**Student:** 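The structure under discussion is supplied below as structure tokens; questions concerning it will follow.
Note that the coordinates shown come from a computational prediction; the quantities given were computed from them, not determined experimentally. Every chain is numbered from 1, with letters handed out A, B, ... down the list of sequences.
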Amino acid sequence: MVSDVKDVRNEWVVQITGKVQARPEGTVNANLPTGGIEMVECQLTVLNAAESPPFPIDARADDVDEGVRLKFRYLDIRRERMQKNLRIRAKVNSAIRGAMEVQNFVEVETPFLMPSTPEGAREFLVPSRKEPGSFYALPQSPQLWKQLLMVAGIDRYYQIARCLRDEDLRADRQYEFMQLDAEMSFVTKDDVLAAISQAVVAAAEAALGQTPPPIEQITWHDAMNRFGSDKPDLRFGMELIELTDVFAATEFKAFATAKSIKGLRVDAATYPEAAASGRSKLDAFTDRAKQMGAKGLVWIKVGDDLALDSPVAKFLSDTERAALLQQMQAKSGDLLLLVADEWSTSCEVLGHLRNDIGRPPVHEGPYRYVWVIDFPLFVGINATTGKPQPGHHPFCQPHPDDIERLETDPMSVRALAYDLVLNGWELGSGSIRIHDPEMQRRVFRQLGISDEDADRRFGFFLQPFKYGAPPHGGFAFGTDRLVAILAGEENIREVIAFPKTQSGSDPMTNAPTPVDPAQLNELGIRLLPPPAKS
RNA sequence: GGUCCCGUGGUGAAGUUGGAGUUCACGCCGCCCUGUCAAGGCGGAGGUCGCGGGUUCGAGUCCCGUCGGGACCGCCA
């Protein structure tokens with residue numbers, strides 16, 4: 001080394017010129033990308049010295065407190081893991097664009113500043129300087145705009161759009177997230193699924209170098225009934241088992257009054273630890289079940305000779321015991337979990353327990369994409385109005401086979417609405433939209449929205465449809481989630497360059513921060529005193 | 001809004017029935033050595049145990065509160 005530089009340390013920025021040559025025998029390091037070569041006759045210039053970083057810039061930092069990693073995100077991103085993730089992200093974005101372009105979709109950018117539309121997710125508001133007291137909202141999604149683009153004759157629109165929702169953050173939710181947003185005119189549901197599938201497959205291919213098999217489909221009802229979730233993770237079995245008939249004549253009160261009884265068999269061979277759960281773990285399962293809305297959880301341990309060990313065993317007849325074991329194909333050592341409730345509650349509760357117990361880590365197992373189709377048009381009854389609530393949003397086209405029941409049996413009506421699910425993560429959803437004003441009125445009526453209400457709340461949206469709106473439908477899926485799964489990450493923060501913490505702050509910039517009173521003055525905003533703490 | 005978990009030198013951890021800021025690894029600083037590449041040897045510095053209060057003769061340890069981080073429920077039409 002020819003240089004007057006005294007030493008060089010980690011993270012210093014240096015420029016080295018010299019001769020590259022093969023390493024002498026015995027000094028080759030196969031573990032390094034550059035392990036076969038070395039530089040000699042070097043001239044080294046220190047371009048910038050560096051303080052020692054707060055954590056090692058390598059895989060060891062995976063264990064460092066995430067708050068510290070976020071505070072020094074620019075160092076965290078130097079690490080191979082983050083470099084890899086951000087590069088996968090770029091490839092996915094690029095592949096999606098390519099797939100949409102090939103299909104003749106037109107990329108259109110839509111506004112960030114728009115009117116507040118309080119339906120749906122809580123919005124971020126932006127005060128107007130020119131009209132103090134008035135506010136813009138940041139888009140929860142470009143839904144409004146893309147449907148207007150259909151009216152406007154952009155018959156295949158797409159955008160990789162940033163969406164903002166002021167709702168509590170999770171491992172798979174950030175305030176800001178990216179969606180492939182698309183809308184098409186003159187299409188069927190299958191046309192939309194095909195177009196989006198092409199983009200997803202292209203993205204997966206770009207990220208992983210292998211083409212996933214064609215995306216399978218499952219109806220919403222089957223997904224709920226078999227997996228207890230509208231976003232089923234198909235990487236593992238443990239399907240819910242129908243037990244309502246088994247206990248049709250039972251004297252056990254909790255079962256006798258229930259509309260639906262479902263069971264989950266925790267197989268001792270596959271999940272020995274969970275199947276052998278002790279009292280505290282069983283209590284935790286029960287708490288979880290209650291948290292999810294069940295009145296309780298019945299656990300039954302299957303002992304040697306298929307004897308049943310359970311607090312409720314004494315209430316079950318021999319016939320019921322035999323039928324239960326038969327129906328659940330239970331073996332010694334298994335743990336059986338039963339929920340008796342409304343069908344949807346039984347399914348959902350056991351679906352959560354199924355995930356808690358059986359779900360493999362994100363980076364494990366195959367990639368199981370699935371279209372969940374035929375979502376119900378309405379889900380649940382609004383406690384205040386006593387009217388059905390939209391399952392997705394009030395603009396979904398009802399399933400043509402069910403339209404005749406819209407007034408007579410609304411809760412049984414399916415929608416032309418669909419979700420895309422990957423390994424138990426909801427990637428996104430879409431629907432065929434209502435383009436016929438009369439149909440829209442019928443749906444609104446079911447929701448308890450009068451024509452006047454509709455005009456007042458959605459007029460700016462519905463008015464354009466009077467000028468010749470083509471039949472249309474679309475979809476949007478979250479690319480952060482897709483990239484996270486393809487990168488094997490449990491958390492979308494790992495695939496976002498500068499994410500927020502769960503409380504919505506940024507440890508690096510300290511956002512959100514108070515602002516200068518002068519700024520508030522200009523916006524005509526006065527702050528309330530902070531809420532009193534008792 | 002709620003439930004649960006975590007917080008100990010720069011980083012990661014251990015810390016026993018409550019008994020001196022004790023320990024380990026990495027990093028950092030200095031010296032030595034060196035065909036090394038997450039090197040090796042010797043020495044050294046570095047901590048308000050998140051913060052506040054309480055119990056106690058005595059608190060990293062127990063209790064209450066609070067702040068920060070995380071997982072989840074609600075929420076996300």
**Student:** Could you measure the distance from the CG atom of A:L337 to the CG atom of A:L282? Nearest 0.5 Å is fine.
**Tutor:** 7.5 Å
**Student:** As a test of reading the structure: which of B:G30, B:G74, B:A71 is closest to the side chain of A:R9, going by heavy atoms?
**Tutor:** B:G30
**Student:** Is there a donor-acceptor contact under 3.5 Å linking the side chains of A:N85 and A:E489?
**Tutor:** yes
**Student:** Between A:F112 and A:Y136 (judged by ring centroids, cut-off 6.0 Å), do the two rings come close enough to count as a pair?
**Tutor:** no
**Student:** I need the CE-P distance between A:M292 and B:C75, as an integer number of Å.
**Tutor:** 10 Å
**Student:** Under a 3.5 Å limit for both distances, which nucleotide forms a Watson-Crick or G-U wobble pair with B:A25, could you say?
**Tutor:** B:U11
**Student:** Counting side-chain heavy atoms from CB outward, which of B:G70, B:C72, B:G12 is closest to A:R288?
**Tutor:** B:C72
**Student:** Using a distance-only criterion (donor-acceptor N/O pair, under 3.5 Å, no hydrogens), is the base of B:G27 paired with the side chain of A:R60?
**Tutor:** no
**Student:** Using both distances under 3.5 Å as the test, list the Watson-Crick or G-U wobble partner of B:G40, or none.
**Tutor:** B:C32
**Student:** Measure the distance from NE2 on A:H393 to P on B:C76 and round it to the nearest whole Å.
**Tutor:** 15 Å
**Student:** Quick one: which of B:G69, B:C72, B:C76 gets closest to the side chain of A:R170?
**Tutor:** B:C72
**Student:** Categorize A:R69 for me: base, sugar-phosphate, or nothing, with a 4.0 angstrom heavy-atom threshold over every strand shown.
**Tutor:** nothing
**Student:** Please evaluate the base of B:C76 for a donor-acceptor partner in the side chain of A:R173 within a cut-off of under 3.5 Å?
**Tutor:** yes
**Student:** Can you check the distance between B:C24 and B:G9, where both ends of the measurement are the C1' atom (answer in whole Å)?
**Tutor:** 13 Å
**Student:** Which of the following nucleotides, B:U36, B:A38, B:C76, is nearest to the side chain of A:L32?
**Tutor:** B:A38
**Student:** Of the candidate nucleotides B:G70, B:G35, B:G74, which contains the atom at the shortest distance from the side chain of A:T27?
**Tutor:** B:G35
**Student:** Taking the minimum atom-to-atom distance to the side chain of A:V64, which one of B:G70, B:G74, B:U11 wins?
**Tutor:** B:U11
**Student:** Rounded to the Å, how far apart are A:L169 CG and B:G74 P?
**Tutor:** 16 Å
**Student:** Measure from the side-chain heavy atoms of A:N491 and tell me the nearest of B:C73, B:G70, B:U36.
**Tutor:** B:G70
**Student:** Under a 3.5 Å cut-off for both distances, is B:G52 Watson-Crick or wobble paired, and to whom?
**Tutor:** B:C64
**Student:** Looking at A:E38 and B:G35, is any side-chain donor or acceptor paired with a base atom of the opposite kind under 3.5 Å?
**Tutor:** yes
**Student:** Base, sugar-phosphate, or nothing: which does A:A61 touch, judged by heavy atoms less than 4.0 Å apart?
**Tutor:** nothing
**Student:** Where the side chain of A:S503 is concerned, which of B:A38, B:G69, B:G1 is the nearest nucleotide?
**Tutor:** B:G69
**Student:** Starting the side chain at C-beta, find the nucleotide from B:G35, B:C72, B:G70 nearest to A:A171.
**Tutor:** B:C72
**Student:** The side chain of A:D65 lies closest to which of these nucleotides: B:G12, B:C28, B:G70?
**Tutor:** B:G12
**Student:** Give none if B:G19 has no partner; otherwise give the nucleotide forming a Watson-Crick or G-U wobble pair with it, both distances under 3.5 Å.
**Tutor:** B:C57
**Student:** Using a cut-off of 4.0 Å on non-hydrogen atoms, how would the nucleic acid contact of A:P54 be classed: base, sugar-phosphate, or nothing?
**Tutor:** sugar-phosphate
**Student:** Provide the distance between the two P atoms, one in B:G19 and one in B:C63, to the nearest whole Å.
**Tutor:** 15 Å
**Student:** Which part of the nucleic acid, if any, lies within reach of A:D63 when heavy atoms closer than 4.0 Å are counted: base, sugar-phosphate only, or nothing?
**Tutor:** sugar-phosphate
